[in-house]
Amino acid sequence: MDPLLIFIQGLNGLQLGVMLFLMAAGLTLVFGVMNLINLAHGSLYMMGAYLAATVQQRTGSFLLAVLLAIPLTTMLGMLVEVTALRRLYKRDHLDQVLATFALILFFNELVRIVWGPQAYFMAVPELFSGYFSILPGVSYPIFRLVIIGVGLAVALLLYLIVSRTRLGMLIRAGATNREMVGALGVNIQLLYTVVFGLGAALAGLAGIMAGPILSVEVGMGESIIILTFVVIVIGGIGSIRGALIASMLVGLADTFGRVLLPPALASMVIYVLMAGVLCWRPQGLFPAYG
Amino acid sequence: MLEVREIQTFYGGSQILFGMNFAVHAGEMVSLLGRNGMGKTTTVRSIMGLTPARAGAVYLDGIDITRAPPFRIAQSGVSLAPEDRQVFPTLTVRENLVATAARNHHGAAHDAWTIDRVMELFPILRHRQNHLGSQLSGGEQQMVAIGRALMTNPRLLILDEATEGLAPLVRREIWRCLNCLKESGLSILIIDKSVEVLMRIADRHYIVEKGRVVWSGGSHELAAHPEVLREYLGV
């Protein structure tokens, strides 16, 4: 196989990987800290994309779309946490799956009512349109490079938050012993709302960046949420580091699978990868909490 | 300072406390004695709001905290070093101390607690700062649990089985520190099996039997009534 093609596909895999990471980071925190399976995480991704598409259409500015859609998605996430999800923490996982599946239906219907059934297309922002020649004769879309850069920057930022700040310590402490964190004077409910808001912000960011490369449409959240669950299971539930490594693995495996294998096999690659990892390490690559 | 009045607490359908009654005054060290399963830990859980009492009331400086959420009770100046220590396993020693530290409590006569002061109290921890909670020995974990509680700058420190399962030398170290804390004027409610030591350093004792207080008095009175210890503690 042409080394150039491998290189380009590697970048594509990386770009899919960072998108998955933005989704997986929030999902794994919520799952790890609150023990909540949130199928509706993909809905926040979709809402981020729709909000950004709307702002961009009205104002013509991608920057403004980012600046408005992220806080709006964050607030929406917190609203969902306070009104609905808060009641689910003590329920078992089946109840959580059912209730958050209902949220998916709710948000899909809401989008149909507000935006209609047709897909939206976001323009690639002018600043990042065009191609960048990485090597002589090899060019790659600038916007996709930006996605990779933003994703890696967010990964670094998240790593610093979780490992170096009080918020990060409380997130890790709360994941192993929430009762004790409360008994030492921390408002766990507020902490959960903040963590959920953080996850929603990341999902919104992923949705916004997906806007110009995919189509913004009802159901876009479902196609990414399944991959995201594969990522957090491979990475080890609750582990940011695991989410990062696993999202890169899944992004690359999926991309190369599609290039090298016949289509029927290609769509199975990540599941085979997941099964393999789980045989080897049932807790995932980086089990966060023993 | 703390007044527990006639509380009744249940786990689901089964009643554990049948009208617990006792008080801790400012600057006092008070012990709860009794065999396992008599409701001492449940009493602590009810004070902290972790398992709120269904009847009766808990007052902190005259304010009813019976049904307040645990974080509010902690913020108003009660701190717990719990049974089994419950150090956060995925946090380092330093992080365990810092994560929930707070200075918002009024009325502390002494200076605020800092990491350095905790390390002075427990010098071993200085060399363990970057170890994870899960990598510590039982004694070190206990020191972290006490230090973590102190870092919230409490007015009342509650210790549930602070020396259980520790080697004699480590126990002695813990007792020395608790004595220091008492001397500094901190109010302490302690649950422990070491009756002899408690009779030396605690001011008053309550003996708990089947969810209620059956005997209370000072150390001298307890020493004068060995039959009480025999009957309720089997020592």
Side-chain angles (χ1 to χ4, degrees), chain A residues 28-35 82 86-87 89-90 158-195 198 232 235-243 283-290, chain B residues 41 44-52 65 68-105 130 132-135 141 144-155 157-158 160:
Chain A
T28 205
L29 277 183
V30 168
F31 200 167
V33 175
M34 307 167 195
N35 195 23
V82 170
R86 185 170 280 189
R87 279 154 242 287
Y89 296 140
K90 289 192 177 144
L158 262 186
Y159 173 77
L160 290 176
I161 289 177
V162 171
S163 67
R164 300 285 161 82
T165 67
R166 283 275 290 266
L167 175 64
M169 291 175 204
L170 291 176
I171 287 173
R172 282 179 286 142
T176 54
N177 193 340
R178 50 178 286 190
E179 184 176 89
M180 204 55 224
V181 173
L184 286 161
V186 175
N187 186 346
I188 280 277
Q189 226 164 41
L190 183 65
L191 178 70
Y192 281 10
T193 307
V194 169
V195 170
L198 184 67
I232 70 170
I237 288 162
S239 165
I240 291 282
R241 188 168 45 147
Q283 302 278 316
L285 293 175
F286 296 93
Y289 318 108
Chain B
T41 295
V44 168
R45 291 185 60 86
S46 291
I47 295 170
M48 288 308 302
L50 296 169
T51 309
I65 56 165
F71 79 93
R72 287 249 184 268
I73 295 170
Q75 284 176 359
S76 56
V78 185
S79 201
L80 171 66
E83 192 179 27
D84 302 328
R85 311 182 264 270
Q86 302 192 31
V87 165
F88 301 120
T90 54
L91 271 59
T92 66
V93 167
R94 176 171 274 271
E95 288 174 337
N96 262 285
L97 297 176
V98 171
T100 54
R103 293 195 175 198
N104 46 6
H105 310 319
N130 297 317
L132 292 179
S134 57
Q135 299 169 323
Q141 286 188 355
V144 171
I146 295 173
R148 180 179 68 178
L150 291 173
M151 290 289 283
T152 68
N153 286 293
R155 294 176 293 156
L157 176 64
I158 302 179
D160 193 352

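Convention: sequence-line order gives letters A, B, ...; per-chain numbering from 1. Note that the coordinates shown come from a computational prediction; the quantities given were computed from them, not determined experimentally.
More than 12 heavy atoms of other residues, nucleotides or ligands lie within 6.0 Å of CZ in A:Arg166, so this atom counts as buried by the packing criterion. Around atom OH of A:Tyr89, more than 12 heavy atoms belonging to other residues, nucleotides or ligands sit under 6.0 Å away. Applying the 6.0 Å contact sphere to CZ of A:Arg241 captures no more than 12 heavy atoms from other residues, nucleotides or ligands.
With a 4.5 Å cut-off on side-chain heavy atoms, B:Arg45 and A:Glu179 count as touching.
Chosen from B:Arg72, B:Met48, B:Gln86, the residue pairing most often with chain A at heavy-atom distances under 4.5 Å is B:Gln86. Ranked by non-hydrogen atom pairs under 4.5 Å with chain A, the options B:Pro82, B:Ser79, B:Gly49 are led by B:Pro82.
When every heavy atom of A:Leu184 is checked against every heavy atom of B:Ala149, the shortest pair comes out as CD2-CA, 4.3 Å. The shortest heavy-atom contact between B:Ala99 and A:Leu170 is O-CD2, 3.5 Å. The minimum heavy-atom distance between A:Gly182 and B:Ala74, with the atom names listed, is O-CB, 4.4 Å.
Screening B:Thr90, B:Thr100, B:Thr92, B:Leu91 for a side chain to side chain contact (heavy atoms under 4.5 Å, CB included) involving A:Met169 leaves a single residue, B:Leu91.
Listed for the A:Arg172 side chain is no donor-acceptor partner under 3.5 Å among the backbone atoms of B:Phe88.
Taken to the nearest 0.5 Å, the CG atom of A:Asn187 stands 7.5 Å off from the CD atom of B:Gln75.
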